[in-house]
Amino acid sequence: MARKSKAANAALVAAAAGAISTAAYFGWRGWWHARHCGNRDVPEPAKPVDLSRYAGKWYELARYENRFERGCRDVTAEYVPRSDGLIDVINSCETAKGGHEVARGRAKVVADSAGAKLKLSFFGPFYTGDYWVLDHDDDYQWAIVGEPSGCYLWILHREAVPEPSLVSGLRQRAGALGYDLRRLRRTHHRPAG
């Protein structure tokens, strides 16, 4: 019995020492980030964004799973420019239980970002999150959206169900931006009709 408890204590000490040395090596944030996020080195947005062309409805094709979209399908995001320079944001999804959820927020363009970086809030002025349009095509038919921590990623398109080859190409583009594609979750959309 004493041998078992000594062995168990030794294993606990070894595990604690390993955790402490890992945390010391990477720093607590680095360790957490490596465990929970999919990109340790998020690039700056690739090109400017014309927000008048970016405006409108987008369908989420894929995302990194997150607590506020857990179980969501048929996810859309709509961006509506306002006369005061802000942007109304309307996110919606169908829940796993068959309900419909809508979240409304506001976005503000970050100065000197060529329209590619926004500060977004769904909870009033007290909390804002980063929203970076990392890449998009010239016709504003697709966009890859992230933020500086690398913990969130969205692939958006103007169609709910585009050609599979296009979706595959967008996944590869996200991989080229440094994102771990194993964490990318495909968003299910019902075909129109």
Side-chain angles (χ1 to χ4, degrees), residues 33-81 86-94 103 105-122 128-189 191:
H33 189 279
R35 182 170 172 84
H36 298 286
C37 296
N39 191 345
R40 290 184 59 90
D41 190 22
V42 176
E44 287 290 315
K47 50 189 140 183
V49 174
D50 178 346
L51 291 169
S52 67
R53 296 186 69 199
Y54 192 81
K57 188 173 190 175
W58 292 89
Y59 294 89
E60 179 189 274
L61 299 183
R63 67 176 178 259
Y64 275 6
E65 192 61 83
N66 57 69
R67 63 179 166 66
F68 49 87
E69 284 186 285
R70 191 160 286 129
C72 278
R73 59 183 170 74
D74 297 312
V75 180
T76 63
E78 189 167 357
Y79 304 93
V80 182
L86 298 176
I87 301 162
D88 282 329
V89 181
I90 305 116
N91 290 345
S92 66
C93 82
E94 300 300 320
R106 289 200 177 124
K108 180 178 181 177
V109 177
V110 173
D112 300 322
S113 71
K117 295 180 182 180
L118 305 173
K119 286 288 187 182
L120 182 64
S121 176
F122 287 95
T128 59
D130 292 298
Y131 180 103
W132 290 10
V133 181
L134 297 171
D135 200 5
H136 63 85
D137 72 325
D138 293 338
D139 293 328
Y140 290 84
Q141 294 302 298
W142 61 262
I144 298 174
V145 176
E147 43 69 61
S149 79
C151 295
Y152 299 93
L153 175 69
W154 294 271
I155 297 177
L156 308 176
H157 197 275
R158 296 294 189 178
E159 295 177 24
V161 187
E163 291 294 319
S165 61
L166 177 65
V167 176
S168 177
L170 290 172
R171 285 179 52 87
Q172 295 311 307
R173 178 65 187 134
L177 293 172
Y179 285 90
D180 181 352
L181 298 182
R182 295 170 298 180
R183 294 178 179 267
L184 198 56
R185 178 189 180 279
R186 182 77 189 262
T187 305
H188 295 286
H189 287 275

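Sequential numbering from 1 along the given sequence is applied to the chain's residues. Because only heavy atoms are used, hydrogens play no part in the values below, and waters and symmetry mates are left out as well, while side chains stay in. Note that the structure is a prediction, hence the values are computed from the model and not measured.
For the atom pair CD (Gln141) and CD (Glu159), the distance works out to 7.0 Å, reported to the nearest 0.5 Å. Taking CZ of Arg63 as the start and CG of Leu184 as the end, the distance is 10.0 Å to the nearest 0.5 Å. For the atom pair His188 NE2 and Cys93 SG, the distance stands at 13.5 Å (nearest 0.5 Å). Note that CD1 of Ile144 is 10.0 Å distant from CG of Asp137, once rounded to the nearest 0.5 Å. Summarising the geometry, atom CG belonging to Asp112 is positioned 10.0 Å from atom NZ belonging to Lys117; distances are rounded to the nearest 0.5 Å. Between atom CZ of residue Phe68 and atom CZ of residue Phe122 there is a gap of 8.0 Å, rounded to the nearest 0.5 Å.
Taking each heavy atom of Ala107 and Leu120 in turn, the nearest pair found is CB-CD1, 3.7 Å. What you find for Leu61 and Pro162 is that their closest heavy atoms are CD2-CD, 3.6 Å. Nearest heavy-atom pair, Asp135 versus Ala46, reported as atom, atom and distance to 0.1 Å: OD1-CB, 3.9 Å. For the pair Ala77 and Asn91, the tightest heavy-atom approach, listed with the atom from each and the gap, is CB-OD1, 3.3 Å. Taking both residues in full, the closest heavy atoms of Thr76 and Ser92 are given as OG1-OG, 2.7 Å, listed atom of the first, atom of the second, then distance. The shortest non-hydrogen separation linking Leu118 to Gly115 is CD2-O, 4.5 Å.
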Applying side chain to side chain contact (heavy atoms under 4.5 Å, CB included), run through Tyr179 and Val42 and close with a yes or a no.
-> CA-CA 8 Å; Tyr179 285 90; Val42 176; 3.6 Å; yes
Dump the intermediate steps for side chain to side chain contact (heavy atoms under 4.5 Å, CB included) on Asp50 and Tyr140, then the final yes or no.
-> CA-CA 9 Å; Asp50 178 346; Tyr140 290 84; 3.4 Å; yes
Report the C-alpha separation of Arg186 and Val167 in whole Å, then their side-chain angles, then the decisive distance to 0.1 Å, and conclude whether the side chain to side chain contact (heavy atoms under 4.5 Å, CB included) test is met.
-> CA-CA 10 Å; Arg186 182 77 189 262; Val167 176; 3.8 Å; yes
Side chain to side chain contact (heavy atoms under 4.5 Å, CB included) between Gln172 and Leu181, worked out | CA-CA 8 Å; Gln172 295 311 307; Leu181 298 182; 4.0 Å; yes
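Arg53 contributes a side-chain N or O that, together with a main-chain N or O of Asp138, makes up a donor-acceptor pair within less than 3.5 Å. For Asn66 (side chain) and Tyr64 (main-chain N/O), a donor-acceptor pair under 3.5 Å exists by modelled atom type. With His189 contributing its side chain and Glu60 its backbone, the two residues share a donor-acceptor pair below 3.5 Å.
The closest side-chain donor-acceptor pair between Ser149 and Glu147 falls under 3.5 angstrom.
Using a 4.5 Å heavy-atom cutoff, the side chains of Leu153 and Asn39 are not in contact. Ile155 is not listed as a side-chain neighbour of Arg173, based on a closest heavy-atom distance of 4.5 Å or more. Counting heavy atoms from C-beta outward, Tyr152 and Val145 have side chains that stay 4.5 Å or more apart. In this structure, the side chains of Val161 and Tyr59 stay at 4.5 Å or more apart for every pair of heavy atoms. Put simply, the side chain of Trp58 reaches to within 4.5 Å of the side chain of Arg158, judged on heavy atoms. Side-chain atoms of Pro148 and Trp132, non-hydrogen and from C-beta on, do get closer than 4.5 Å to each other. Counting only heavy atoms from C-beta outward, the side chains of Thr187 and Glu69 never approach each other to under 4.5 Å. Counting only heavy atoms from C-beta outward, the side chains of Pro45 and Val133 never approach each other to under 4.5 Å.
Taking the six-membered ring where the residue is Trp, the centroids of His136 and Tyr54 are separated by 6.0 Å or more.
Shown here is Arg106, whose CZ atom has no more than 12 heavy atoms of other residues, nucleotides or ligands within 6.0 Å.
Within the structure, no pair that satisfies the disulfide bond (SG atoms under 2.5 Å apart) test touches residues 152-185, not counting sequence neighbours.
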